[in-house]
There are 2 protein chains.
Amino acid sequence: MPDTTDERPYHHGRLRAALLDAAERRMREQGADQLSLRDLAREIGVSHAAPRRHFPDRQALLDALAEDGFTRLDTVLRTALTGADKDFPSRVRATMTAYAHFATENAALLELMYAGKHRPGGTRIVKAAEAPFELMNELLVEGQAQGALQPGALDRIGIILLATLQGIAAIINGNIVERELLDDLVDTAIDQFLRGARPLP
Amino acid sequence: MPDTTDERPYHHGRLRAALLDAAERRMREQGADQLSLRDLAREIGVSHAAPRRHFPDRQALLDALAEDGFTRLDTVLRTALTGADKDFPSRVRATMTAYAHFATENAALLELMYAGKHRPGGTRIVKAAEAPFELMNELLVEGQAQGALQPGALDRIGIILLATLQGIAAIINGNIVERELLDDLVDTAIDQFLRGARPLP
DNA sequence: CCACAAAGTAGACGGTGACAACAAAGTCGT
DNA sequence: ACGACTTTGTTGTCACCGTCTACTTTGTGG
């Protein structure tokens, strides 16, 4: 009778993915600064030095986490956008609401993504971060085409739009204002934006 | 001849203040997570356990730093406001510009202030955080009295205003957009806000 | 089939936050 | 003026963490 015990194989096989998964869960529970490589290794069941094979140091793992966050955010925004109505206000509302929820449900991850403390020459993250901005820009171009936005300075308006959302998420994640206000705040922010950015009559 | 060497006295006398000062400077240089109590103690010239007398643990020092940051921010905003013209747009512009500069020149501190990872039951920070919000609210009440703002929902508008600034600062501190764009972004954000919040004709 | 690369292990080092036991200095009542 | 008490700083210790080096196991391609 062969060995039927569930001894772990010497090679985990999916260690990198397992690390990212565990890290992301721990981040949600404890925040980024409490995240310990040795802890993750223990939880997964490998030795304390195993993560080093996949991430040269702790920051590398955090960077990978952040990069992953941006791509996840991008897909969230795009799916929200495809499920929305055709008119510009609906599309803006859908996108911004999706962003706000992602940002408040992944607070620590968001903080990491915008931390800017990334590896010097960390082009990959910046690259991944461009996707959501690109999306926002496409949306605004649409809006301009529909005549809902005054022409010109699109990039700055897009940045401000994203910044507002980011700010709302930040003060909610920081317990400065109650979480229940989130949807209210997003709604009024959008109203303000639409009123402020539409063409002069 | 008495002892004229500059031996440190056994009691530092201002250790708490010295710690906060050193911590704040180090934060500006290295960020909050790189901040080490032992490092601070070394720099000041006390033993590694001395800080414990003034801050029971590391987080307590960070909390004190954050609280201090809010009061400093409040005074910055108030002085900017008193030096501004009487009309509402000028006052908004002065306040928001001051906020934006404070936020980008004290990036790590701001992150700490809005981190929300404070001591459970940390009422003091929330209390200190209320001051800037209060100021913003007063300003908006003024604006309403001057007829520059539509009536109603002032608190939400104030929160959004602050959030927008916070967001702009965040994406600049995170190197998502170039620092040179700061003033431009603030200006257009204010324009948008004033256009979006003014009474319907 | 075997050399070699990839992936995981074991052990060590310096640094850190927290804690306990102790020492010096200030303070205050008598 | 002086002794008890409190405050503030010191020394030593512990567990934990990230990182590094050297070693072992496993998979793979010539």
message: Just by distance, no angles: are the side chains of Asp87(B) and Ser90(B) close enough, under 3.5 Å, to form a donor-acceptor pair?
response: yes
message: By nearest atom, which of the nucleotides dG11(C), dG8(C), dG18(D) is closest to the Leu15(A) side chain?
response: dG8(C)
- prompt: Gln34(A) has an atom CD; how far is it from atom P of dT16(C), in whole Å?
  reply: 17 Å
Nucleotide of dT9(C), dT10(D), dA18(C) approaching Ser47(A) most closely (side-chain heavy atoms): dT9(C)
- request: With sequence neighbours excluded, give me every salt bridge (charged side-chain N to carboxylate O under 4.0 Å, His left out) pair touching residues 43-54 of chain B.
  value: Arg25(B)-Glu43(B), Arg26(B)-Glu43(B)
d(CG, Leu35(A); P, dC16(D)) in whole Å: 17 Å
- request: Look at the side chain of Ala49(B) and decide which nucleotide, out of dT16(C), dT11(D), dG11(C), has an atom nearest to it.
  value: dT11(D)
- request: Measure from CZ on Phe55(A) to P on dG8(C) and round the result to the nearest Å.
  value: 11 Å
- prompt: Between dG15(C) and Ser36(B), is there an OP1 or OP2 to side-chain N/O distance shorter than 4.0 Å?
  reply: no
field: Whole-Å gap separating P (dT19(D)) and CZ (Arg58(A))
entry: 8 Å
task: Remember a base hit wins even if backbone is also touched, and classify Ile44(A) as base, sugar-phosphate or nothing at under 4.0 Å, heavy atoms.
output: nothing
- line: Rounded to whole Å, the CG-P distance (Leu40(B) to dA18(C)) equals 13 Å
message: Please determine whether the number of non-hydrogen atoms from other residues, nucleotides or ligands lying under 6.0 Å from atom CZ of Arg14(A) exceeds 12.
response: no
Scan the side chains in residues 139-153 of chain A for donor-acceptor partners under 3.5 Å anywhere in the protein, sequence neighbours excluded, and list what turns up.
residue	atom	partner	partner atom	Å
Glu142(A)	OE1	Arg91(A)	NE	2.6
Glu142(A)	OE1	Arg91(A)	NH2	3.4
Glu142(A)	OE2	Arg91(A)	NH2	3.0
Gln144(A)	NE2	Gln150(A)	O	3.3
Gln146(A)	OE1	Phe88(A)	N	3.1
Gln146(A)	NE2	Lys86(A)	O	3.1

- prompt: Is there a donor N/O on one and an acceptor N/O on the other, under 3.5 Å, for the side chain of Arg38(B) and the base of dG15(C)?
  reply: no
query: For the base of dG12(D), is there a side-chain donor-acceptor partner from His48(B) under 3.5 Å away?
result: yes
query: Should the pair Glu67(A)-Arg72(A) be classified as a salt bridge under the 4.0 Å nitrogen-to-oxygen rule?
result: no
field: Protein-nucleotide distance (Arg53(A), atom CZ; dT21(D), atom C1'), rounded to Å
entry: 10 Å
- request: Select from Arg52(A) and His54(B) the residue whose nearest nucleotide in DNA chain D is closer to the 5' end of that strand.
  value: His54(B)
task: Counting heavy atoms from C-beta on, name the nucleotide in dA18(C), dT19(D), dT9(C) closest to the side chain of Val46(A).
output: dT9(C)
query: Roughly, in whole Å, what's the span from CZ in Arg16(B) to P in dG9(D)?
result: 12 Å
- prompt: For dT16(C), does either OP1 or OP2 sit under 4.0 Å from a side-chain N or O belonging to Arg42(B)?
  reply: yes
statement: Taken to the nearest whole Å, CG/Asp33(B) to P/dC17(D) is 17 Å
